Amino acid sequence: MKDNDCISDKYEILDTDELSHFIVEAKQNTYANKNNKILTLRSGSHDYLYKNNQYTYCDSFFGSSQFSGQEIVYQSDEVCWSMNYYGKVTDDHFSGDFLKQALSHIHVDQPFRGPELYTKGDYIYICHVTGDLFHFNGEEKIYYQSKPIYECLFHGGIIK
């Protein structure tokens with residue numbers, strides 16, 4: 001990195017409560033509900049875009065049964081938050097619809113992936129997060145009849 005790449009002269013105050021609410025709103029209005037998918041310039045990527053007032057959310061990922069992606073939030077056209085993730089499906093019983101249902105139950109207290117626990121029928125979704133909106137890492141797993149069938153690691157935080 002160049003010497004000045006890590007220096008920021010912007011000291012805008014970030015309302016983290018407002019940001020958390022926007023992240024939840026954006027996630028519930030994109031991949032989790034199959035809305036706001038956009039065309040992309042990058043071959044093979046899946047991209048979602050959501051805007052509301054001063055915030056813009058972009059989710060871009062590659063792959064399906066093994067995938068990698070990044071979510072970025074802009075406040076007034078300046079990047080303010082990011083999350084990176086990598087995951088894989090480990091069994092044929094995986095249900096993308098179940099994952100989307102779990103992700104749609106995201107909460108403002110942990111606006112990263114899904115809730116700590118979500119169950120439906122034979123499926124169980126578990127999400128564990130360490131940290132907060134400023135700096136976090138976590139892992140989510142899905143089980144089918146107590147057998148692990150999916151895992152995803154994620155991390156991120158505030159960007160200045």
Side-chain angles (χ1 to χ4, degrees), residues 1-8 10 14 19-106 110-115 118 120 123 125-131 133-144 147-160:
M1 290 192 293
K2 294 183 180 180
D3 292 337
N4 292 333
D5 287 348
C6 293
I7 298 172
S8 174
K10 297 184 181 190
L14 184 63
L19 176 60
S20 292
H21 280 86
F22 171 75
I23 292 169
V24 168
E25 178 184 311
K27 289 181 179 230
Q28 289 175 333
N29 284 284
T30 52
Y31 176 78
N33 285 308
K34 305 175 188 176
N35 292 326
N36 294 303
K37 189 167 186 177
I38 61 171
L39 294 176
T40 181
L41 297 175
R42 299 180 307 160
S43 179
S45 73
H46 305 273
D47 297 313
Y48 293 83
L49 181 69
Y50 182 79
K51 296 180 180 186
N52 190 354
N53 297 321
Q54 65 179 328
Y55 292 105
T56 301
Y57 167 88
C58 303
D59 179 10
S60 183
F61 68 93
F62 293 85
S64 55
S65 62
Q66 288 185 252
F67 57 91
S68 179
Q70 181 177 45
E71 298 173 13
I72 298 286
V73 174
Y74 297 86
Q75 179 187 27
S76 303
D77 298 323
E78 294 288 331
V79 174
C80 65
W81 185 86
S82 174
M83 180 177 80
N84 297 293
Y85 55 91
Y86 176 82
K88 63 182 178 177
V89 173
T90 59
D91 187 89
D92 290 340
H93 286 98
F94 174 76
S95 167
D97 288 338
F98 174 76
L99 173 61
K100 288 177 175 80
Q101 289 170 5
L103 296 177
S104 70
H105 287 86
I106 187 173
Q110 290 193 334
F112 312 114
R113 295 289 289 171
Y118 177 76
K120 187 172 184 183
Y123 290 93
Y125 170 93
I126 297 173
C127 184
H128 175 73
V129 178
T130 303
L133 195 65
F134 286 90
H135 180 259
F136 63 89
N137 61 65
E139 178 179 27
E140 67 182 359
K141 292 187 177 190
I142 296 177
Y143 297 84
Y144 176 77
K147 180 182 179 185
I149 62 169
Y150 164 91
E151 60 186 43
C152 178
L153 300 173
F154 55 92
H155 66 271
I158 299 293
I159 295 177
K160 294 183 180 182

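Since this is a predicted model, take the numbers as computed values, not measurements. Heavy-atom basis, side chains included; hydrogens, waters and symmetry copies ignored. Note that the numbering runs from 1 along the sequence shown for the chain.
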Rounded to the nearest 0.5 Å, how far does NE2 of His128 lie from OG1 of Thr130?
3.5 Å
If I compare all heavy atoms of [X] with all of [Y], which pair ends up nearest, and what's the gap?
| X | Y | result |
| --- | --- | --- |
| Leu103 | Gly114 | CD2-N, 3.7 Å |
| Val24 | Pro111 | CG2-CB, 3.9 Å |
| Gly63 | Phe61 | O-CE1, 3.6 Å |

Ring pair (Phe, Tyr, Trp, His ring centres under 6.0 Å) against Phe112, all qualifying residues, sequence neighbours excluded:
Phe136
Mind checking what makes ring pair (Phe, Tyr, Trp, His ring centres under 6.0 Å) contact with His21, not counting sequence neighbours?
none
Tyr144 vs Phe94, side-chain contact (heavy atoms from CB on, under 4.5 Å): CA-CA, chis, key distance, verdict:
CA-CA 8 Å; Tyr144 176 77; Phe94 174 76; over 6 Å; no
Enclosure of Phe62 CZ (heavy-atom neighbours >12, cutoff 6.0 Å):
yes
Is the number of heavy atoms from other residues, nucleotides or ligands under 6.0 Å of Tyr74 OH greater than 12?
no
Can you pull the salt bridge (Lys or Arg N to Asp or Glu O under 4.0 Å) pairs that have at least one residue in residues 65-76, sequence neighbours excluded?
Lys27-Glu71
Residue pairs, two or more places apart or on separate chains, that pass salt bridge (Lys or Arg N to Asp or Glu O under 4.0 Å) and touch residues 48-61:
none
Using side chain to side chain contact (heavy atoms under 4.5 Å, CB included) as the criterion, list what pairs up with [X], not counting sequence neighbours.
| X | result |
| --- | --- |
| Leu19 | Leu14, Ile23, Tyr55, Val73, Cys80, Trp81, Leu133, Ile158 |
| Ser95 | Asp97, Phe98, Tyr123 |
| Ser68 | Tyr86 |
| His105 | Pro115, Tyr118 |

Can you name the salt bridge (charged side-chain N to carboxylate O under 4.0 Å, His left out) partners of Lys141, sequence neighbours left out?
Glu139
Donor-acceptor contacts under 3.5 Å from residues 38-46 side chains, at least two apart:
from: Thr40; atom 1: OG1; to: Arg42; atom 2: N; distance (Å): 3.1
from: Thr40; atom 1: OG1; to: Ser45; atom 2: OG; distance (Å): 2.9
from: Thr40; atom 1: OG1; to: Asp47; atom 2: OD2; distance (Å): 2.5
from: Arg42; atom 1: NH2; to: Ser60; atom 2: OG; distance (Å): 2.1
from: Ser45; atom 1: OG; to: Arg42; atom 2: O; distance (Å): 3.2
from: Ser45; atom 1: OG; to: Asp47; atom 2: OD2; distance (Å): 2.9
from: His46; atom 1: ND1; to: Lys37; atom 2: NZ; distance (Å): 3.1

Review item, side-chain donor-acceptor pairs of residues 147-156, under 3.5 Å, at least two apart:
from: Lys147; atom 1: NZ; to: Asp91; atom 2: OD1; distance (Å): 2.6
from: Tyr150; atom 1: OH; to: Arg113; atom 2: NH2; distance (Å): 3.4
from: Tyr150; atom 1: OH; to: Glu140; atom 2: OE2; distance (Å): 2.7

Donor-acceptor pair, Asn29 side chain versus Asn36 backbone, under 3.5 Å?
no
Would you say the side-chain atoms of Gln70 pair up with the backbone N or O of Asn84, donor to acceptor, closer than 3.5 Å?
no
Quick one: list whatever passes side chain to side chain donor-acceptor pair (under 3.5 Å) with Asn33, sequence neighbours left out.
none
I want to check something: taking the side chain as every heavy atom from C-beta on, are Tyr50 and Glu25 in contact at a cut-off of under 4.5 Å?
yes
